[in-house]
Amino acid sequence: MSFRRFWAIARKEALQLRRDPRSLLLAFVLPFLLVLVFGSAISLDVRDIPFGVLDRDRTPASRELVEAFQASGYFTLRARVESPGEVDHLLARGRVRLVMVIPPGHASDLASGRVAAVQLLVDGGDANTATIAINYADAIVAGVNRRILATRAVAAPLGFEARVWYNEALESARMIVPGLVAVIMAIITAMLTALAIAREWERGTMEQLAATPVHRLEVVAGKLLPYIGIGIIDVTVAVVVGMVVFDVPLRGSVFLLAAMSLLFLIGMLSFGLLLSAALKSQMLATQVAIMTTYLPTLLLSGFIFSIASMPFALQVVSTLIPARFFIVITRGIFLKGIGLGILWPQALGMLAFTVISFGMATRAFRKEIDG
Amino acid sequence: MSSAVAVEVEGLVRVFGKVEAIGGLGFEVSPGELFGVVGPDGAGKTTLLRVLAGVLRPSAGDARLFGTSVARDPEGVKATLAYMSQRFGLYTDLTVAENIRFYADLYGVPWSDRPARLERLYAFSGLGPFQGRLAGALSGGMRQKLSLSCALIHQPRLLLLDEPTFGVDPISRRDLWLIIHEMVAAGTTVIASTSYLDEAERCDRVLLLHEGRRLGLDTPAALQRQLDGRVFAVEGPDMVALRRVLGAAPGVRTVARYGRTLHVTTEPSGAEAVAALAGSTGSGASTIRPVPPSLEDVFVTLMTGAASG
Amino acid sequence: MADAVVADRLRKAFGDFVAVDDLSFSVGTGEVFGFLGPNGAGKTTAIRMLTGLLPPTGGTAVVAGLDVARDPFGVRRRIGYMSQLFSLYGDLTVSENLEFFGGLYQVPRDQFRARRDWVIESADLAAVVGQLTGTLPLGLKQRLALGCALLHQPAVLFLDEPTSGVDPLSRRAFWDLIYELAAAGTTVLVSTHYMEEAEYCDRLILMHRGKLVALDTAIGLRARMSRPLLAVVTDQAPQVVQALADADGVGEVTMFGRSVHAVVPDISRGRAAVVERLTRAGLGWSTIEPIEPSLEDVFIGLVREGETGGP
């Protein structure tokens, strides 16, 4: 081993690195950004859990209970409903994670020393949040109880019964698998197509193709099709495995799931093509695809970390991530058995994303060497 | 007008950042002509062909292919032309037959016409037995023949070939030119670029390109005629000394050594000076004989002429 | 002085495939020696054996006094290798590239300065020393690549396709450099498939399918083209080629634009045969004249002879 040669190589490499802006960006800026952004997103703390109330008592005592939850900082009151029928709807929509049902006679029960039972209906789709919510509720109720006991001696004044909906056993598989389908699809699809156009530019075949009368739309759509086929197979396999191996129930419409999956696939694949067409470099396209799909989808889509607990800025950013909508849809169809009637906002969001994605991919693809 | 001209280039300019790859080119190509674009790497050949093929926009000026402007309507004429890029532009992971079929589909070649055309193409390219072979497994010469086949499947009116024989062995090179000549004989207009000056001599007319500008444009014969009587091969026992003598001799334009021979070009007036050297004993030259001027001689003469103004 | 390169029945087989077969030749010190042949002829394999990169399967080769099979590292230290131009780093300056290769070849520090200056001066790179190599025109890159291969003062220099695509003036300047080196005692071996490049060599080996087809000077090779060549200038070249292809009294026929070259046993009989054939086929021509064969004609003739076992 020659030190001279070793040093010559190290020195050359350093010189080249210094002159390579992309590598430098990757090495310095990226980690910094990642720590900043995702540090704020990754929080196992759960706060501001949106909840709803069906207060059939409407007494100062019942209002006091709601106040206690609100003031704790763990819960945020999002909706008040008037009838039991609406409770269903509220949970199905996903606007709230739990609904507190206060039966009529709550105040009189408390006053007369009977156990005043309150029902908490918890959305088990996000098992993590559900468990934590129940624990918080427990703590809050205990606190309220202590206050009541301080003023008068009554046995266990306030009790609550937690009923978990959609995922009674709080099995994490049921929470994870539907979301996992979305996340895996998001990651794989964009990376697949990120190579598709850039590869042809780099190999020199695109130059040849550009000299033919082929239309941009024909190229983009033609490149998408086989990947859509692959994506459909992948989704089907994932769903079947989820149902058979992990026992995840499919309570909603298979057709709706298929249609939404197709929409999602086309959108993500188009996004990959957009990167490929705009960047014309396989390496760059893959890197950007990872940065814009893999990490955000994993961390900001609500797959594991609850969006509601994130800083507002990140919550806004998460609306740009199509997987966010798709996860709501998959969880809704699998666990809640709901349909377009409730999921239409998410479906619309995905439709918008897909249309814009495809349109931009077609526009970004130019039959010209820019030199 | 346009009917008598296949390609018209006018004031064509293309810059990349600060570099001017083509600076104000203008020329015409007649239908059925075999037109050569000749020059070393960096001369602008690829840039010119890319602009004509509509895959690179001109920075200024225009080119009209059968009347259609490349600057305004690059897609307009693509159906009737074929472009063969310098780099192998076909799919190495598709077979010979799959590649040809892909291009036939792209150009909308009618199914009924394909068998006859394919037969002809396979016959003169010799690719028949290799239809099922992946393009990546073909030798350099065969790849170029495949590229040419894909270019010809839709019977274009104009063929743009960027260094079609670069790196190809001499035998395959001859085969390729045979195919090209047959196309020209059948009426196809061909614009081919090359840095091999000996190949340029096969063309009807050649455009000599250097650093994006035109050095000369004429038939090879006419260009070479300019140097008639001005090119000599000189041999002698002491090459170094002989070189020095010749280099200093008045009227000598260039001296280049090729192995054991010195290749000399003279100014129009210098021919006598060199002939006189043959007579004098002090020169050290054992033989001096005139040789037919090559295109390289023309190129070098024009380059040095241009440099000295 | 001993020959700089001696190959004796050199052979390389990859399994059943014989890439180089029975190659024997010797190159004198200071000679410019060419390996000519199409891609796949075995030139690259032969060069790899001579540069100590590939062990021979049979035969021996001695380069710069060392046996390539027994001391490949030693051989590599004594030779310079210039590949097809792009082992240079485009994102390093000229000076940095020279530094790097100086280090790679372990040129002793005290000598490096002097060597570097010599390279810059001979290759005329003074004006671009601080420029990024990727921005240089091809002719300069080529001279820099040569310079990098010369920093350690090799006894034998191997050039692989050194001047493809370079403009004629730069090519001549490059070869002037080579001739200077040769005059100073460096032996130069050039590998090329480009016939025109071969003209620069003192002697040439023609290779085809791993075998040595001919070994001679360029002039000698041309003289070998024992039979004369007629050039038929015609507007109907493709048809003329076809008509003459199997004509009696006419050998190998090839087309060069409007000129068809035909190998004939002798000029007058050949001309008569051509005229007769063309008249019979109703084809026209403007002239039929004897011409000197180019190296390409020679090469193809020799190859065909080799294949068919006769002219």
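Side-chain atoms are counted along with the backbone in the values below, which use heavy atoms only and exclude waters and symmetry mates.
- Heavy-atom contacts from other residues, nucleotides or ligands closer than 6.0 Å to CZ of Arg101(B) number 12 or fewer.
- Residue Ala211(A) comes nearest to Tyr107(B) through the heavy atom pair O-OH, 3.8 Å, listed as atom of the first residue, atom of the second, then distance.
- Annotation: the span from Asp105(B) atom CG to Thr212(A) atom OG1 amounts to 11.5 Å, rounded to 0.5 Å.
- Contact of Glu200(A) with chain B is made through the side chain alone, with heavy-atom distances under 4.5 Å.
- Heavy-atom contacts from other residues, nucleotides or ligands closer than 6.0 Å to CZ of Phe32(A) number 12 or fewer.
- Taking 4.5 Å as the limit, some side-chain heavy atom of Leu209(A) sits within range of a side-chain heavy atom of Leu106(B).
- Heavy-atom neighbours of Tyr91(B) OH from other residues, nucleotides or ligands within 6.0 Å: above the threshold of 12.
- When all heavy atoms of Glu202(A) and Arg87(B) are compared, the pair lying nearest together is O-NH2, 2.7 Å.
- Surrounding CZ of Arg363(A) are at most 12 heavy atoms belonging to other residues, nucleotides or ligands under 6.0 Å away.
- Using a 4.5 Å cut-off between heavy atoms, Phe88(B) contacts chain A through its backbone alone, with no side-chain atom that close.
- Residues Lys367(A) and Glu75(B) meet the side-chain proximity criterion, which asks for heavy atoms closer than 4.5 Å.
- Heavy-atom distances place no part of Arg366(A) under 4.5 Å from chain B, backbone and side chain included.
- For CD of Glu10(B), the number of neighbouring non-hydrogen atoms (other residues, nucleotides, ligands) closer than 6.0 Å is 12 at most.
- A 6.0 Å sphere centred on CZ of Arg120(B) holds no more than 12 heavy atoms belonging to other residues, nucleotides or ligands.
- Side-chain contact check for Arg50(B) versus Glu368(A): every heavy-atom pair is 4.5 Å or farther apart.
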Test log, rule side-chain hydrogen bond (donor to acceptor under 3.5 Å, both in side chains), inputs Ser85(B) and Glu207(A): CA-CA 7 Å; Ser85(B) 60; Glu207(A) 178 181 348; 4.6 Å; no
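- With a 4.5 Å cut-off on side-chain heavy atoms, Asp93(B) and Arg203(A) count as touching.
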